[in-house]
Amino acid sequence: MAVAPTRAEALSLFRSLLRTARQFSDYNIREYTRRRTVDAFRENRVLGDAVAAAAAFADGKKQLEVAKRQAVVYSLYAPKAKSIMEMKLQ
């Protein structure tokens, strides 16, 4: 039987995903990762079944590992110019 993650574990995963999202140099990828994280946690907030909650938590851990690997790859090939969304108006 699967044990549902505690609130502290879920919040830790959430913060880790958001921290990893901040590591992307590309604005579009960074915002997509942040938005996807928030949406997934909102969607899974209502899970009452321990098995479903454990499965969603395990999926979140896998997504965290993927995001960490992708952040490293994107840092190696960071764009030279900033996105128009990142430029400050002067």
Item to check | Whether E65 side chain and K62 backbone form a donor-acceptor pair below 3.5 Å | outcome: no
Checklist entry - Are the charged groups of R34 and E31 less than 4.0 angstrom apart, N to O? => result yes
Next on the checklist: Please determine whether the number of non-hydrogen atoms from other residues, nucleotides or ligands lying under 6.0 Å from atom OH of Y74 exceeds 12.
Outcome noted: no
Checklist entry - Is there a donor-acceptor pair under 3.5 Å between the side chain of T33 and the backbone N or O of I29? => result yes
Next on the checklist: Contact between L11 and R15 at the side-chain level, heavy atoms closer than 4.5 Å - yes or no?
Outcome noted: yes
Checklist entry - So how far is it from R30 CZ to Q23 CD, rounded to the nearest 0.5 Å? => result 11.5 Å
Item to check | Taking every non-hydrogen atom, the tightest pair across E43 and V46 | outcome: O-CG2, 3.9 Å
Checklist entry - Can you name the closest pair of heavy atoms from L47 and A52 and give their distance? => result CD1-O, 3.8 Å
Checklist entry - Counting distance only, does the side-chain N/O of N44 pair as donor-acceptor with the main-chain N or O of A40 below 3.5 Å? => result yes
Checklist entry - Do F14 and V66 share a hydrophobic cluster (ILVMFWY, side-chain heavy atoms under 4.5 Å, transitive)? => result no
Item to check | Any R45 side-chain heavy atom under 4.5 Å of F41 side chain | outcome: no
Checklist entry - Which value, rounded to the nearest 0.5 Å, describes the distance between L17 atom CG and L64 atom CG? => result 5.0 Å
Checklist entry - How long is the span from the OG atom in S75 to the CG atom in D26, to the nearest 0.5 Å? => result 12.5 Å
Checklist entry - Just how far is it from atom OG1 of T20 to atom CZ of R69, taken to the nearest 0.5 Å? => result 12.0 Å
